[in-house]
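Structure, as structure tokens:
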Amino acid sequence: MNRDKTIISEDNVYRNTVMRRFLKHKLAVASTIFLAIILLCALLAPVLSPYSPDKVVGGFSDPPSVKHLLGTDQVGRDVLSRMLYAVRISLLVGFASTAVSTVVGVVLGLVSGFFGGILDMVIMRFTDMVMSFPYILLVLVSAAIFRPGLLNIILILGFVDWPGIARLVRGNVLSIREMTFIQGDRVAGMPKRYILFSEILPNTVAPILVYATSVIAISMLDEAALSFLGMGIQPPQSSLGNMLNGAQSISILTSKPWLWVPPGLMIILLVVSINFIGDALRDAFDPSGN
Amino acid sequence: MLKYIIKRILVAIPVLIGITIIDFLIMTMVGSPLELLQGPRVSQAAIETKRIALGLNKPVYVQYWIWLTNLLQGNMGYSMKSFQPVSQMIKTYIGPTLLLMSVSLFVSMLIAVPAGIYSAVHKYTPQDYTVVTLSFLGSSVPGFFLALVLIYIFTVRLGWLPSSGMYTLGAQKGALDVVRHMIMPVIVLATSMAGTNIRYIRSAMLEILRKDYLRTARAKGIGRFLVINKHALRNALIPVITVLGMHIPILFGGAIIIEQVFSWPGLGMMTMSAIISRDYPVIMGVCLMSAIVVLVANLLTDVIYALVDPTITY
């Protein structure tokens, strides 16, 4: 009974330390608040957006006005409403594809690091192969092969971006499995399943979380780039990238900044704030830091 | 040492073979060159003849073997669109890409090394936070958006720089002309790379500034400048080699989008137009070539790393 209590309080101490270190990063705290607001707006997009994102509600390319706060696009759709829905898509792609790549990477990394031997060699060589192809090139080729669309983009980004996580997890497992508490588990005859999932995995969560944050940021950038090139999210569905697509034409670039500046700034703000949070998490989890 | 290099090369060989297999499988999976022949005026028999002529009736592993032996002789197949040999096309377009990539890499290091050191030396001061914040901003701006902003400012508003191509049409080809066309793409590519590099160099430098031998150097009283620029920087440059190696695939990728935006006549633009027109032999040729370049670059990185770091023994 007593033992349980101390474990819980130790957990709390650790959590408090992490929290305290994270709160020291003012930019990260501001980013978290900003992200929370944006997330809320994205979730409430159907309620918040003044117009339907796909309906023609105004003139062609009207400049911002009281009626349309960010103006209307080339076919008369409300830019603000489209952007709210676009943020939704971008965040969804960022989180979902990261979830896919994290699961794939963690499983392969755990197996590779824990079991070692031939299995490890095969998995790591395969990781090397995938990593040798330039990431964007693989994504573009896959996007050309499969029909572009929301689900496919998530799967493509997820299945191309796992090698980094796999390597990270493997490295961590390799160092943790030599530690005394794992040796103790082995001596005590604990089942492998228990050692792997209840002892090793929890101890690699922090670095995985930090890495995953940067993957979210990268995935969102890649979705934007793909959609910008017309190979990602397809219109009429809006994404921050395909809203920028129109700016490739010189007349929009020069005389209709309301069509491309807001989505561009939105991508930057989202990615920057995710990166700040990731950086603060790295510091907060770092056992050597203070 | 030599043993280590040989070991690394031996490990790279199966990876190389794997790369060719993946590349070949994707290419055969996605589309058959026979699709191009389809049409009302093409008979079934003609397609069959062509299938046999192209060797497509053979089992996949035989096809792979034929493809591989052709590859080793420098034959990467033919474009489905222009019917040019792929190797020829890569040769034509690779020059501008290499130029763009190397200049961008150089410029990004030119920014990142001093900024990273400055940041590490002044750690936890407002200056440090400014540099780190800027570096985050640099790596978070989508390249194509920065490109649009630059085009808006320097081409549309100010009219200083050309927004596309490598040479001015009709003008005499000169180095200055190329430089003017290169400024904006280089800024875009270097910004994102410098963003990440600053943080790598900063943390490498911070690590080294804590080392005992630096305390000794400081205690000797040789002066701050020598301590930082001689004792610390040299050692901090070792991890930078890894960073450089890591950037090769990112550069290849970044070049595709940036070349497309700026119509830079390089490999990226060629690849993008091949992707749009589904010219698979060209796409997979570029994939294969870049994968091999990346593999060799990683190999070289490891070897150089082992050469310059005296503490690593094998």
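A, B, ... follow the sequence lines: proteins, then strands. Residue 1 opens every chain.
- The most heavy-atom pairs under 4.5 Å with chain B, out of A:Asp279, A:Ile267, A:Leu269, A:Leu27, come from A:Asp279.
- If you check the side chains of B:Tyr93 and B:Thr271, you find no donor sitting under 3.5 Å from an acceptor.
- A salt bridge does not link B:Lys7 to B:Asp302: none of the charged side-chain nitrogens sits closer than 4.0 Å to a carboxylate oxygen.
- When the candidates A:Ile274, A:Val139, A:Leu229 are compared by the number of heavy-atom contacts under 4.5 Å with chain B, A:Leu229 comes out ahead.
- Within 6.0 Å of CZ on A:Phe159 lie no more than 12 heavy atoms contributed by other residues, nucleotides or ligands.
- Using bins of under 30°, 30° to 60° and over 60° for the plane-to-plane angle, the ring pair A:Trp162/A:Phe126 lands in the parallel bin.
- By number of non-hydrogen pairs under 4.5 angstrom with chain A, the leading residue of B:Arg157, B:Met272, B:Gln260 is B:Met272.
- In this structure, no portion of A:Met121 lies under 4.5 Å from any heavy atom of chain B.
- The backbone N or O of A:Ile233 lies less than 3.5 Å from a partner atom in the side chain of A:Ser227, making a donor-acceptor pair.
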- Task: For A:Arg167 and A:Asp128, run salt bridge (charged side-chain N to carboxylate O under 4.0 Å, His left out): C-alpha distance rounded to whole Å, both residues' side-chain angles, the deciding distance at 0.1 Å, then the answer.
- Result: CA-CA 10 Å; A:Arg167 278 194 171 180; A:Asp128 285 349; 2.6 Å; yes
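- Highest contact tally toward chain A, considering only B:Asn298, B:Val261, B:Val11, B:Val132, is held by B:Val11 [criterion: heavy-atom pairs under 4.5 Å].
- Contacts between B:Ile22 and chain A at a heavy-atom distance below 4.5 Å involve the side chain alone, from C-beta outward.
- Across B:Phe136, B:Phe144, B:Tyr129, the residue that shares the most heavy-atom pairs under 4.5 angstrom with chain A is B:Phe144.
- Each of B:Leu295, B:Leu16, B:Val141 has some count of heavy-atom pairs under 4.5 Å with chain A, and the biggest count is that of B:Val141.
- Proximity to chain B (any heavy atom under 4.5 Å) is shown, for A:Ala225, by both the backbone and the side chain.
- When all heavy atoms are compared, the tightest approach of B:Cys287 to B:Asp23 is CB-OD1, 3.4 Å.
- Checked for salt-bridge contact, A:Asp283 and A:Lys24 miss the test: no charged N lies under 4.0 Å from a carboxylate O.
- Between the side chains of B:Gln127 and B:Ser119, no donor-acceptor pair of N or O atoms lies under 3.5 Å.
- No other option in B:Ile151, B:Leu288, B:Val293, B:Ile256 has as many heavy-atom pairs under 4.5 Å with chain A as B:Ile256.
- Only the side chain of A:Phe228 comes within less than 4.5 Å of a heavy atom of chain B; its backbone N, CA, C and O stay farther away.
- Both the backbone and the side chain of B:Leu148 come within less than 4.5 Å of a heavy atom in chain A.
- Both the backbone and the side chain of B:Ile275 come within contact range of chain A, with heavy atoms under 4.5 Å apart.
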